[in-house]
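Following: one structure in structure tokens, then a few remarks.
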Amino acid sequence: MSKPYYITTPIYYPNSDPHIGSVYTTLCCDVLARFMRLDGHEVKFLTGTDEHGQKIEQTATKLGKSPQEFVDEASKSFRNVLAVYNLSVDDFIRTTELRHKRGVQHFWELLEKKGYIYLGSYAGWYAVRDEAFYTESDLVDGKAPTGAPVEWVEEPSYFFKLSAFQDKLLEYYASHPDFIAPLSRRNEVLSFVKGGLKDLSVSRTSFKWGIPVPGNESHVIYVWLDALMNYLTALGYPDREKRDYTTFWPADVHMVGKDILRFHAVYWPAFLMAADLPLPKKIFAHGWWTNKGQKISKSLGNVIDPYEIAETYGVDQVRYFLIREVPFGNDGDYSEEALISRVNSQLSNELGNLVQRTLSMVWKNCEEKMPSPSIPFEEGDKALMKKAYSLIEDIRPLLQKDQALSKYVDLLWQLVGDANRYVDTQAPWALRKNNPPRMEVVLYTLCEVIRVLGILLQPLIPASAAKILDQLGVPEQARTFKNLEAVDALKPGAPIQEPQGIFPRLNDVRNPETC
RNA sequence: GGCGGAGUAGCUCAGUUGGUUAGAGCAGUGGAAUCAUAAUCCAUUUGUCGGGGGUUCGAAUCCCUCCUCCGCUACCA
């Protein structure tokens, strides 16, 4: 077994239902996790819910529930969406679990012992109406930017000595140029840290719903310190002898949305440095989705319901769209038109039709069996198969090193295009009449290329890829990247199933009358 | 305000360290084929490379300046 691979999503705040953004983050991790598993790595893919904090407490109170009752329920909907989207997580951590709370308190005590946490007081201009603190420079005519009146408030708070880590962080960024991706985000973090770091208030007294500060129960631990620790507590921390910890820490990738990059790229490494623990290898900040060019927000009423679009267009169709539509790292724009257009032209026409046209010729002209080449392959056949077999070598570094999800799909579609061109130039329908043995060679070559495509598509569209491989009769245990070679080629003469379309065109969904 | 990024064909974008006639996908137009989910394949764009100035034998690519858009600029998560 080659190198283990640990990939995480942020833990989601269950104050509201899962939205397209959280599904997207988890999906990106899922594609990477599935890819690494098929490539022979032992993978741990972690997600979960971040269940403490003032907002949860307030929402629960509003609903007349205890916070615990509320999060028990809310957390479930984040679990459900995983099943709907076929997201292959290995563990789901909740910050209200004992294993987590224990680890966080231990971590706190450690930092305190090392002198990185001290009791001070937090002071600032507080606006009761906004429930927010403002700095002197935020104020406009002695009032909050929102116009709310402010008062000077001081409250006791524990602080983390973030200021002590400014130089260490900058050194670390400099010596690990790949630590933060994409590059533009890395620049933002650098300029933030260069601008100077103040100590970070890491406890709250204004609400109760959190992990108590060890030794001073009037404080609860700042939710971000609490939340970030999930990456460790899910591995059994503080028990550093545990197999999960020794195997998987430090994490290979923390996938995050660009809005929470700072917590992951500044605070989290500083916390870990303070505790003398190794830092994760990469923080990847992906972009956001807009809806037809508009920012998505509840108040605009343009939220995209992940359940609804999965139901309407199909899970793999949506997975495909989300990954292919945007150069990974950039923002993406969602629209029904764009989704339908991609699904129809690329999934149904280019890929689906390639499989269908090939297999139906095989079904009709090769006695419902895999074609049996009885004459030698020609150069063109060999070249196409060779390209298929070696594709993994091009894809592997893209995903392993750069998480270049959309490029991975682009490469696959180049092979799809090659295969379609091959069908046209070889014209097996003509060979059927004037050179049947050659037809079998051509169809066999196509089936073999489709087998490779099916295997390589599994991380992206797992259910559909399985259908393709089923139709070819590829055994379930022969679907890893190790099987991407001629040794594991399809068995000539093996019986196949009657081919069935895998990606129905979506026109009928939108305009039923056009059927 | 400060720091950073971007402005390339109708649309979405690629364009490594400056070097021959600036590319891809989609859309549009013309054609081929008819195995297939009317899917596929081929051909095709007169693009002020945001404006202006400069460096250079030569700039989308470097420098200056202006315009426009975007991101970051700490204690909700």
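Lettering follows sequence order; numbering is per chain, from 1.
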I'd like to know if N353(A) reaches the base of A36(B) with its side chain such that a donor and an acceptor end up less than 3.5 angstrom apart. yes
Are the charged groups of D418(A) and R421(A) less than 4.0 angstrom apart, N to O? yes
Examine U73(B): is either OP1 or OP2 under 4.0 Å from a nitrogen or oxygen in the side chain of R262(A)? Give yes or no. yes
What's the closest nucleotide to the side chain of N420(A) if the choices are U40(B), C35(B), U37(B)? U40(B)
Has K364(A) got a side-chain N or O lying under 4.0 Å from the OP1 or OP2 atom of A36(B)? yes
Side chain of K55(A) only, please: which of C76(B), A77(B), C26(B) is the nearest? C76(B)
Among U37(B), A77(B), C35(B), which is the nearest nucleotide to the side chain of R505(A)? U37(B)
Checking contacts here: which listed nucleotide (U37(B), U73(B), C41(B)) is nearest the side-chain heavy atoms of F192(A)? U73(B)
Using a strict cut-off of less than 4.0 Å between a Lys/Arg side-chain nitrogen and an Asp/Glu carboxylate oxygen, indicate whether K101(A) and D226(A) qualify as a salt bridge. no
With a cut-off of less than 4.0 Å, is there a side-chain N or O of R204(A) near OP1 or OP2 of C75(B)? no
Closest to the I502(A) side chain, choosing from C76(B), U37(B), A74(B): U37(B)
With the side chain defined as heavy atoms from C-beta on, S201(A) is closest, among U40(B), C75(B), U34(B), to C75(B)
Looking at F192(A), I'd like to know if the NZ or CZ of R262(A) sits under 6.0 Å from its six-membered ring centre while staying within 45 degrees of the ring's axis. yes
Can you tell which of A33(B), C75(B), C41(B) lies closest to the side chain of Y122(A)? C75(B)
Out of U37(B), U73(B), A39(B), whichever nucleotide has its closest atom nearest the side chain of N349(A): A39(B)
Test: R79(A) cationic atom under 6.0 Å from F92(A) six-membered ring centre, within 45° of axis: yes
